[in-house]
Amino acid sequence: MNMKSALLPIAMLAAMATGPVLAQVNVMIPAGTGGGWDGTGRQAMAAMNEAGIYTGGVNFTNTGGAGGTIGLAEFLGNSTGQPDALAVFGAITVGAIELNKSPVKLSEFRPLARLTAEYLVVAVAADSPINSLKDLAEALKANPGGTAIGGGSAGGVDHIATALFAKAAGVPVGDINYIPQTSGAETVTGIVNGTLVAGISGTSEFVPFAEQGRIKLLGVTSAERRAGLDVPTFKEAGYDVELANWRGFLAAPGAPDDNYQLWIDRFTQLSKSDAWKKVLETQGWDDYFLAGEEFGKFIAAETERQGQILRDAGLVQ
């Protein structure tokens with residue numbers, strides 16, 4: 001008897017005894033490597049492995065462009081109906097779909113889990129006569145075109161937050177002078193050299209510059225004051241603005257129900273694991289967990305809210 005042939009059934013039985021073989025998971029990251037979405041996808045799957053929640057293989061595909069809409073269109077075409085096919089996305093995607101007139105609709109996908117959030121802060125130059133959100137609102141009312149505000153890409157969360165602030169302050173959203181920047185660092189440069197009256201970005205980008213004394217922070221878009229950040233919330237200052245740059249996962253359209261529920265369970269376990277808590281602390285991300293149907297309701301509400309703001313701003317028809 002061939003020894004290899006004799007050993008093969010034994011090896012198969014041993015494998016079966018340890019449980020089902022884990023399928024390879026395919027994760028679409030609709031952005032380039034090294035960014036927030038890429039980090040969220042890779043760190044989440046690594047933490048899931050470390051916690052023993054999912055220890056099988058993972059194949060990552062990075063396809064960037066147009067606020068994630070290009071990658072999600074590719075995911076839609078390649079993964080519809082497939083189990084173990086996941087995609088990372090976030091708040092930016094919501095506005096990007098409207099702004100780019102993408103045929104992709106988030107309602108087509110199966111919502112898995114919202115994982116992280118980063119809140120936004122508004123800043124002005126350290127020597128600016130503007131010392132509060134109220135002061136900035138008055139400047140916008142007096143001269144919206146001359147009160148240039150810089151932030152991330154047009155239609156992104158920075159732009160949306162600026163539009164929400166203008167609306168809450170009684171300034172026509174279409175009148176604001178919002179100037180997209182390539183990075184938080186570029187926004188700070190514009191604030192310091194006077195090209196911009198104010199800027200908006202994530203806390204992780206602006207706080208270090210505030211600590212250096214280059215800019216001063218006026219408000220944060222969280223519901224409550226942030227620990228270690230002596231800055232009032234927009235609501236505390238009298239403006240009904242609450243917005244987070246959140247990130248999460250989708251399952252493929254038409255994914256089998258049992259597999260879809262399995263991944264909801266896995267992400268729920270992940271959110272409670274020490275491995276993931278360590279990632280949140282290391283990366284400076286906020287826990288913003290929401291899963292399944294409730295996450296789907298949140299996406300629908302955000303799609304309506306952001307779409308209306310973009311229409312008010314004249315960015316989409």
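The neighbour count for E293 CD, taken as heavy atoms of other residues, nucleotides or ligands under 6.0 Å away, does not exceed 12. Enclosure of atom NZ in K134 is not indicated, since only 12 or fewer non-hydrogen atoms of other residues, nucleotides or ligands lie within 6.0 angstrom. A 6.0 Å sphere centred on CD of Q212 holds more than 12 heavy atoms belonging to other residues, nucleotides or ligands. Residue D230 qualifies as open at atom CG: its count of foreign heavy atoms under 6.0 Å is 12 or below.
Judged by distance alone, with hydrogens and angles left aside, the side-chain atoms of N131 form a donor-acceptor pair with the main-chain N or O of P129 at under 3.5 Å. For T147 (side chain) and P144 (main-chain N/O), no donor-acceptor pair under 3.5 Å exists by modelled atom type. Distance alone, capped at 3.5 Å, places no donor-acceptor pair between the N245 side chain and the L120 backbone. In this structure a side-chain-to-backbone donor-acceptor pair under 3.5 Å is present from Y260 to P111. Although no hydrogens or angles enter the test, the distance criterion places no donor-acceptor pair under 3.5 Å between the side chain of S222 and the main chain of R225. The backbone N or O of E186 lies less than 3.5 Å from a partner atom in the side chain of S183, making a donor-acceptor pair. No donor-acceptor pair under 3.5 Å is formed between the side chain of K167 and the backbone N or O of I309. Between the side chain of T221 and the backbone N or O of L243 there is at least one donor-acceptor pair closer than 3.5 Å. Looking only at distances, a side-chain donor or acceptor of R110 sits under 3.5 Å from a matching main-chain atom of A255. Without hydrogens or angle criteria, T55 side chain to G52 main chain gives no donor-acceptor distance under 3.5 Å.
Under a 4.0 Å N-O distance rule, the pair K278/E281 does not qualify as a salt bridge.
Side chains of F206 and I191 form a contact here, defined as non-hydrogen atoms less than 4.5 Å apart. For the pair D287 and T116, the minimum side-chain heavy-atom distance is 4.5 Å or more.
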Between F289 and L270, does a side chain to side chain contact (heavy atoms under 4.5 Å, CB included) hold up when you go through it step by step? CA-CA 10 Å; F289 184 73; L270 174 69; over 6 Å; no
List the steps and the verdict of side chain to side chain contact (heavy atoms under 4.5 Å, CB included) for K216 and V124. CA-CA 6 Å; K216 57 186 174 186; V124 294; 3.5 Å; yes
Given V121 and L229, is the side chain to side chain contact (heavy atoms under 4.5 Å, CB included) satisfied, shown in steps? CA-CA 10 Å; V121 282; L229 188 65; 4.3 Å; yes
Does the pair L72 and L76 meet the rule for a side chain to side chain contact (heavy atoms under 4.5 Å, CB included), with working shown? CA-CA 6 Å; L72 285 181; L76 182 69; over 6 Å; no
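The cationic atom of R42 (NZ for Lys, CZ for Arg) lies less than 6.0 Å from the six-membered ring centre of F60 and within 45° of the ring axis.
At a cut-off of 3.5 Å, with distance as the only test, no side-chain donor of Q261 or D257 sits close to an acceptor on the other residue.
Taking hydrophobic clusters as Ile, Leu, Val, Met, Phe, Trp and Tyr residues chained together by side-chain heavy-atom distances below 4.5 Å, I53 shares a cluster with F267. No continuous path of ILVMFWY side-chain contacts below 4.5 Å connects L86 to F89, so the two sit in separate hydrophobic clusters. V188 and V220 fall within a single hydrophobic cluster, where Ile, Leu, Val, Met, Phe, Trp and Tyr are joined by side-chain heavy atoms under 4.5 Å apart, directly or via other members.
For Y288, there are no ring-ring contact (aromatic ring centres under 6.0 Å, His included) partners, not counting sequence neighbours.
Relative orientation of the W246 and F295 rings is perpendicular, given thresholds of 30° and 60° on the angle between their planes.
Going from atom CZ of F75 over to atom CG of L250 covers 7.0 Å, rounded to the nearest 0.5 Å.
Note: W263 and F249 fail the aromatic proximity criterion, with ring centroids not under 6.0 Å apart.
Applying the side-chain hydrogen bond (donor to acceptor under 3.5 Å, both in side chains) definition to pairs two or more places apart or across chains, those involving residues 193-207 are E118-S204, N193-T195, S201-E205.
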